[in-house]
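Working notes, structure below.
Every heavy atom of this structure was used, including side-chain atoms; hydrogens, water molecules and symmetry mates were not. Naming convention: chains lettered A, B, ... in sequence-line order (proteins, then strands); numbering from 1 in each chain.
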Amino acid sequence: MATVSALRVLPGGRSGNEPGPAVSADRGLLAELYEKHAAAVYGRCRYLLRNDDEAKDALQEVFAKALRALPEFRAAASPTTWILRIATHHCLNLHRARRAAWREELAALGKDRRVESEPPERRELVRVLLGAAPEEAQEAAVLYYVDEMTQAEIAQQLGRSLPTVRKRLREFLACARKALSESLPGIVLPEGDEP
Amino acid sequence: MIADLGGPGPACSALRVRRFVAGELSGVERERMQAHLEGCARCQEALREIEAEKARVLRDVPFERFAAGVAEKLAAPVAPRRAWRKFVPIAAAAALLIGIGIGRSGREGDGVRTKGGTSTRLYQKVGAEVIAVGPDGVVGTGPLQLELASPDRAQAVLLLVEGNDASVLYAGPSQAARAPFEWVGPASSATLVTVLSDQPLDAESVRRAVAEHGTAGVPEGSEVIARPLVRGKR
């Protein structure tokens with residue numbers, strides 16, 4: 001079957017909260033999934049968790065989740081988008097457990113710069129600022145600033161309206177500005193950059 | 001000092017580069033991305049990062065270790081499914097759409113009928129409600145479901161057609177024809193084409209014929225129902 005880019009087939013018939021069938025790891029299937037998606041998932045886990053051991057564990061956890069939901073994974077218009085979202089969600093949950101650390105991380109980010117006149121690395125700054133934002137805004141921020149999806153694509157992906165996505169991105173920015181003014185007052189975000 | 005957090009560029013998206021590398025972009029999109037990549041430093045950088053990630057995972061978690069770890073996770077008890085629902089709101093919405101969509105019948109005459117009386121019905125989930133989409137085909141965002149009512153032919157292929165591109169939504173017995181899908185992407189209009197026949201239909205050749213020749217391309221002896229799909233506000 002061909003796929004039109006503008007089509008997403010939705011798997012039906014499962015409520016999503018029933019326990020999945022028992023799953024065993026078929027080696028051939030696992031090798032295929034590893035080849036196609038492990039690098040992106042591991043990259044996302046390393047980025048969000050900043051700890052290689054935790055990232056390795058998260059990588060395996062994410063694939064176990066994907067295998068338990070294999071029909072949905074297979075039916076996704078973009079398997080890459082689907083599994084990255086699972087990875088992001090999994091890591092944000094772990095990240096949240098340590099959210100108290102973001103102030104120290106932000107201060108460290110300021111100190112770690114090689115050249116003081118340069119802002120911290122863009123994605124690193126986004127990652128640390130996630131800790132300052134409410135749960136609902138975090139995923140939207142990753143999809144926007146890291147995956148660089150448009151707001152319309154994010155709305156589609158999250159199953160939310162465009163105004164809701166915009167609101168969440170604004171929440172993230174407001175929290176980010178506040179966090180910067182408290183912990184790294186020398187650094188500001190550009191004005192007029194409201195999503 | 002001003003720190004830019006980034007975000008999507010006019011034509012740049014790290015995820016789209018990933019999807020390109022993974023072979024997930026279709027015809028036009030793929031060509032557009034290929035051309036864009038050649039002249040875009042930012043997307044080339046994203047490409048380099050993807051290559052670096054590949055080397056990293058091979059080094060840090062070689063396949064054997066990965067496979068053993070995943071098997072171990074799968075053997076562990078399944079976590080409560082409540083959190084899982086948040087990952088797949090679309091799947092849950094589709095299930096809901098099916099549950100409600102069947103119970104609520106659309107207005108008679110919502111779909112165009114064949115001579116034999118087969119019609120199509122299109123539903124959309126809007127918030128908590130499922131509504132029948134009218135013959136104008138105007139839909140907002142949200143999951144859709146195309147169904148057949150009183151099919152008088154044995155086999156059906158349901159297609160989404162956008163210009164010269166077509167995609168199979170459903171292929172099989174017409175009694176069970178039901179296609180939950182979500183219409184995304186930049187197009188503002190499309191056509192839902194239903195091909196009915198008493199002979200077995202090869203979905204791929206029907207799809208190709210309709211993509212190339214429109215509804216005139218369907219196999220001899222089959223019937224067609226076409227209904228518009230228009231992006232609008234609901």
Side-chain angles (χ1 to χ4, degrees), chain A residues 1-20 23-25 27 30-31 34 36 38-40 42-43 52 56 59-61 63-64 67-68 72 78 80-81 85-86 89 117 119-120 122 125-126 144-150 155-156 159 186-190, chain B residues 1-9 12-15 18-19 22 24-26 29 50 53-54 56-57 60-61 63 66-67 69-71 73-74 78 81-82 84-95 98 141 143 160 162 165-169 180-185 187 203-204 207:
Chain A
M1 282 187 196
T3 51
V4 170
S5 63
L7 170 75
R8 178 175 303 149
V9 176
L10 302 174
R14 237 196 77 197
S15 70
N17 57 355
E18 296 155 7
V23 181
S24 63
R27 203 180 160 78
L30 208 51
Y34 175 83
K36 280 189 186 162
Y42 186 54
D52 284 358
K56 286 172 195 167
L59 168 73
Q60 292 156 356
E61 195 69 68
F63 273 80
L67 285 166
R68 288 195 185 106
E72 281 158 27
S78 163
T80 299
T81 310
R85 208 178 147 209
I86 301 288
H89 207 283
S117 59
R122 182 178 68 79
L125 187 58
V126 170
Y144 188 77
Y145 293 108
V146 182
D147 285 328
E148 300 174 348
M149 289 168 82
T150 63
Q156 199 77 55
I187 295 174
V188 292
L189 299 179
Chain B
M1 178 194 323
I2 293 175
D4 185 10
L5 296 182
C12 300
S13 155
L15 185 69
R18 280 192 192 286
R19 295 186 58 205
E24 288 178 8
L25 297 185
S26 68
E29 242 188 320
I50 291 167
E53 281 175 350
K54 188 101 195 162
R56 184 88 203 193
V57 79
D60 285 8
V61 199
F63 177 69
F66 167 83
V70 174
K73 300 280 181 200
L74 285 173
V78 181
R81 304 289 293 183
R82 187 167 163 67
W84 183 242
R85 283 192 71 148
K86 290 176 79 175
F87 297 116
V88 286
I90 281 170
I98 290 161
T141 53
L160 176 75
E162 263 186 12
D165 219 346
S167 178
V168 178
L169 296 173
F181 68 104
E182 199 160 330
W183 184 36
V184 295
E204 178 53 24
R207 183 197 70 78

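- Ranked by heavy-atom pairs shorter than 4.5 Å toward chain A, the options B:A14, B:G9, B:C12 are led by B:A14.
- Residues B:R19 and A:S78 have side chains that bring a donor and an acceptor to within less than 3.5 angstrom of each other.
- Between chain B and the options A:V126, A:V146, A:T80, A:T150, heavy-atom pairs under 4.5 Å are most frequent for A:T80.
- Note: A:Y34 and B:F66 have tilted aromatic rings, judged against thresholds of 30 and 60 degrees for the angle between ring planes.
- Within the 4.5 angstrom heavy-atom criterion, atoms from both the backbone and the side chain of A:A31 approach chain B.
- The pair B:R56-B:E53 fails the salt-bridge criterion, with no side-chain N (NZ, NE, NH1 or NH2) lying under 4.0 Å from an Asp/Glu carboxylate O.
- Under the 4.5 Å side-chain criterion, counting only non-hydrogen atoms from C-beta, B:L15 is not in contact with B:E24.
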